[in-house]
K.L.:
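Starting off with a structure, shown below.
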Amino acid sequence: MVLAELGGKLRDSLRKLHTRSGRVTTTQLNSVLSDVARALIESDVSVKLVMTLRDNVKQKVERLIEEDDDDNDDDNDNDAKKEQRASNVSKMVQKAVVDELTSLLEPARKPHTMKRGKPNVILFVGLQGAGKTTTIAKYANYYQKRGWKTAMVCADTFRAGAFDQLKQNATKLRVPFYGSYTQADPVAIAEEGVDQFIKEHYEVIIVDTSGRHRQEAGLLEEMQEISAAVDPDNVILVMDATQGQSLYDQALAFSNAVDVGSVVITKLDGHAKGGGALSAVAATESPIVFLGSGEHFDDLEPFNAQSFVSKLLGLGDVRGLMEA
Amino acid sequence: LFAQMTGQKVLTKQDLEAPLKEMHKLLTSKNVAGDIAQQICQKVQESLIKKKLNSMYRVKTAVRQALEQVINELLLPSTQLNILRQVVSKRDQASSLFARSKTQRPFVIVVVGINGVGKSTSLAKLAYYLKSNGCHPLLAACDTFRSGAVEQLSVHAKCLGLPIYSKGYSKDPSLVAKAAIEQATKEGNDVVLVDTAGRMQNNLPLMKALGKLAAENQPDMVIFVGEALVGNDGIDQVKMFDKAVSFQNKYQKVNAILLTKFDTVSDKVGAALTMTHVTNAPILFVGTGQKYHHLQKLSTNGVIRSLFA
Ligand SMILES: Nc1nc2c(ncn2[C@@H]2O[C@H](COP(=O)(O)OP(=O)(O)OP(=O)(O)O)[C@@H](O)[C@H]2O)c(=O)[nH]1
Ligand SMILES: Nc1nc2c(ncn2[C@@H]2O[C@H](COP(=O)(O)OP(=O)(O)OP(=O)(O)O)[C@@H](O)[C@H]2O)c(=O)[nH]1
Ligand SMILES: [Mg+2]
Ligand SMILES: [Mg+2]
């Protein structure tokens, strides 16, 4: 994913801050921040977010940076002192960059935790073709394997073959499902299906919905109606790792319409770095809970933002950065 | 910043630096892939450097006009591709040769692309378009992998009142396509639309299987379906699919691009530039919604307007 490749690029550009003169100038700082920004944008992170990140870093370190034309050769610091100062500045810059990236990945909101012996209604939403129906099958598989009584409801009455798709997956997984070929109202189906599985004491009740997008207000309203009807314990937004600059606004619109609590990023088995989908975390202020990495039921990895960040930018990488 | 009147000045690299940097940022924020934005800016620079600037113009205006020019040239082939003409001309050629014999091979179209981009939906839209224009399409259900894929296509065939050839799941898609083409030839369908399973461009076995399907069925047109939502990955996708279909037969290639979900990107239309810049394959249509009639020609002016919106 995006940050995995960023570590190396960051190290390379931060190395530029180690100058013989012991000074870090505005020009040098700008050039480093440009490198970082470019790397992020080429991983599809929202340009808006990248600019904010850049401004925040700048603000944090500005007072430590010397002006380019600040002709202070006559200062009487010795070399050791200069060395010390430069390394402090570059450490501060590194820390500021890492902190900003971390806050991108670590929203304040904590992931939802499933409760045993109770119905946990989980509503899946997202853009067309993002991977909702496939992820639902993987998600059901994940919880069923861990002993949760799991069921699925197909509230996608729009897409051709949607019910067959969910039904075939459910049958392969031996997970009970609810849906209809004739009922056209997704709100009614969602409500009936969830009610039935609550009565039957299912613990994880997953609701699939049609794909939708922010440009069509009617679709977002329909999603709100479904959400109101089933009163979900968690709403999961599914985001496609191959997508780019439009995702931030899309994720924001979903989040404004319903109470998105988690994000799943799919299609990470491709070449894409997932920065667009990552921007969804910032837009929804919700953590990533799973990563999708293929079309098979087992291609789902739990994701823990905190441990990911500390592994990547924390111990391993930050030490790398410091030694650079 | 660079908005000064420049008089009868010869443009230098230096004059262009700031406005081009601005332009690059604009393009990437509109979802043009980084590399492509760079190349486009390079072209703009080449077209402007050493040019005498009319005193009425500001550098910024000159850059914008040059960019519009570059985009127009880039998208020009997209405005000229005509699938209907191709289908009809093959049909007419065949019927004049064999005097309406029942053995004329139909025009074969294969849609390819990564998972979930809108291949099957676009295929249904194309079928609707062709049928509305007097053609007789047959749909071939050659996604024999993804759950519900065959039923999805059957629903479209039923809604559109069109025949479908399907053999269920787990079959070799290349063989299903072959049988579908044979049936179409027998039944007198003039065009076969072959649906394929989505696959990631770096999945070697699946890409090889696609190459096999292309080599064994020799489609008249391979359409790469990509999303207007795609980010920097678009470059890699279209390159790798082009490579895969030409792997066993070098005359086969991606002939056209269909850019879906154009209705979901608002002014972030950059993928149109990214995709065409990579292979020079023209954009056949853009998908603008989930209904059958949501298929349009790309508007070059619309793209330019969105970029500067
Ligand atoms: N390679 C890969 N493919 C995936 C992944 N997740 C989903 N897919 C594929 O993406 C395509 C679309 O997935 P769906 O589950 O149908 O997407 P959806 O969001 O339900 O689509 P709509 O209901 O039409 O909005 C299918 O071909 C899936 O097999 C993933 O992690 N990796
Ligand atoms: N808004 C919008 N949605 C679209 C467009 N084209 C396709 N879709 C939707 O995208 C989703 C996926 O479409 P499919 O046609 O199933 O995609 P696919 O590429 O065949 O998917 P796989 O076969 O699973 O790889 C469906 O919900 C479609 O309705 C479009 O132009 N605009
Ligand atoms: Mg679905
Ligand atoms: Mg399909």
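The sequence lines fix the lettering, A, B, ..., with proteins before strands; numbering per chain opens at 1.
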K.L.:
Are A/H271 and B/Q237 close enough, and set up right, to give a side-chain contact (heavy atoms from CB on, under 4.5 Å), and what steps lead you there?
P.N.:
CA-CA 9 Å; A/H271 272 167; B/Q237 285 179 21; over 6 Å; no

K.L.:
Within the 4.5 Å heavy-atom criterion, are A/K273 and B/N232 side-chain neighbours or not?
P.N.:
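A side-chain contact is absent here, since even the closest heavy-atom pair is not under 4.5 Å.
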
K.L.:
Quick one: pull up CG in B/N115 and OG1 in A/T266 and give me the separation to the nearest 0.5 Å.
P.N.:
9.0 Å

K.L.:
Is the number of heavy atoms from other residues, nucleotides or ligands within 6.0 Å of OH (B/Y292) greater than 12?
P.N.:
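More than 12 heavy atoms, drawn from other residues, nucleotides or ligands, come within 6.0 Å of this atom.
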
K.L.:
If you define the side chain from C-beta out and look only at heavy atoms, does anything of B/S29 sit under 4.5 Å from A/K48?
P.N.:
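Side chain of B/S29 against side chain of A/K48, heavy atoms only: no contact under 4.5 Å found.
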
K.L.:
Might you point out which heavy atoms bring A/K267 and B/G116 nearest each other, and give the distance in Å?
P.N.:
NZ-CA, 4.1 Å

K.L.:
Can you tell which part of B/I114 gets under 4.5 Å to a heavy atom of chain A, answering side chain, backbone, both or neither?
P.N.:
side chain

K.L.:
Taking every heavy-atom pair that is under 4.5 Å apart, which of B/D267, B/N203, B/D35, B/D263 has the most such pairs with chain A?
P.N.:
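Option with the greatest count: B/D263.
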
K.L.:
Can you tell which of A/A272, A/G294, A/G131, A/G276 has the highest number of heavy-atom pairs within less than 4.5 Å of chain B?
P.N.:
A/A272

K.L.:
B/F145 vs A/H296, test: ring pair (Phe, Tyr, Trp, His ring centres under 6.0 Å). Steps then yes/no.
P.N.:
CA-CA 11 Å; B/F145 173 74; A/H296 298 280; 5.7 Å; yes

K.L.:
Determine, stepwise, if the pair B/E151 / A/Q168 fulfils side chain to side chain donor-acceptor pair (under 3.5 Å).
P.N.:
CA-CA 11 Å; B/E151 288 79 5; A/Q168 286 170 17; 3.1 Å; yes

K.L.:
Can you tell me how far OG of A/S246 sits from NZ of B/K30, rounded to the nearest 0.5 angstrom?
P.N.:
10.0 Å

K.L.:
Using heavy-atom distances under 4.5 Å, tell me whether A/R38 contacts chain B through its side chain, its backbone, both, or neither.
P.N.:
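Contact with chain B involves no heavy atom of A/R38 at all.
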
K.L.:
Report the option among A/D269, A/L247, A/D249 that has the most heavy-atom pairs separated by less than 4.5 Å from atoms of chain B.
P.N.:
A/D269

K.L.:
Is A/F158 close to chain B through its backbone or its side chain, or both, or neither, when contacts mean heavy atoms under 4.5 Å?
P.N.:
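Looking at A/F158, just its side chain touches chain B.
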
K.L.:
Under the side chain to side chain donor-acceptor pair (under 3.5 Å) rule, what do A/T242 and B/D233 come out as? Steps first, then yes or no, please.
P.N.:
CA-CA 6 Å; A/T242 67; B/D233 196 44; 5.1 Å; no

K.L.:
How far does CD of B/Q290 sit from CD of A/E216, to the nearest 0.5 angstrom?
P.N.:
7.0 Å

K.L.:
Give, as side chain, backbone, both or neither, the part of B/D236 having an atom under 4.5 angstrom from any heavy atom of chain A.
P.N.:
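Just its side chain gets close to chain A.
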
K.L.:
For B/V155 and A/G161, which heavy atoms make the closest approach, and how far apart are they?
P.N.:
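Scanning both residues, the minimum pair turns out to be CG2-N, 4.2 Å.
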
K.L.:
Evaluate the criterion side-chain contact (heavy atoms from CB on, under 4.5 Å) for residue pair A/Q128 and B/T264; output intermediate values, then yes/no.
P.N.:
CA-CA 10 Å; A/Q128 290 90 350; B/T264 72; 4.2 Å; yes

K.L.:
Just checking B/E17: does its CD atom have more than 12 heavy atoms from other residues, nucleotides or ligands closer to it than 6.0 angstrom?
P.N.:
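Atom CD in B/E17 is not crowded, with 12 or fewer foreign heavy atoms closer than 6.0 Å.
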
K.L.:
Taking all non-hydrogen atoms of both residues into account, name the closest pair between A/G270 and B/M200 and its distance.
P.N.:
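Here A/G270 and B/M200 meet closest at CA-SD, 3.7 Å.
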
K.L.:
Looking at A/K172 and B/S147, what are the two nearest heavy atoms and their distance?
P.N.:
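Closest heavy-atom pair between A/K172 and B/S147: NZ-OG, 3.4 Å.
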
K.L.:
Please evaluate residues A/Q243 and B/E227 with respect to the criterion side-chain contact (heavy atoms from CB on, under 4.5 Å), reporting the C-alpha separation (whole Å), side-chain torsions for both, the decisive distance (0.1 Å), and the verdict.
P.N.:
CA-CA 8 Å; A/Q243 298 173 343; B/E227 288 181 336; 2.8 Å; yes

K.L.:
Indicate the atoms forming the closest heavy-atom contact of B/S266 with A/Q215, along with that distance.
P.N.:
OG-NE2, 2.9 Å

K.L.:
I need the minimum non-hydrogen distance between A/L127 and B/L229, along with the two atoms involved.
P.N.:
CD1-CD1, 4.2 Å

K.L.:
Is there side-chain contact between A/D164 and B/Q152, with at least one heavy-atom pair below 4.5 Å?
P.N.:
no

K.L.:
Take a 6.0 Å sphere around NZ of B/K212 and say whether it holds more than 12 heavy atoms from other residues, nucleotides or ligands.
P.N.:
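Yes.
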
K.L.:
Tell me if the NZ atom of B/K171 is crowded by more than 12 foreign heavy atoms within 6.0 Å.
P.N.:
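Above 12, so yes.
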
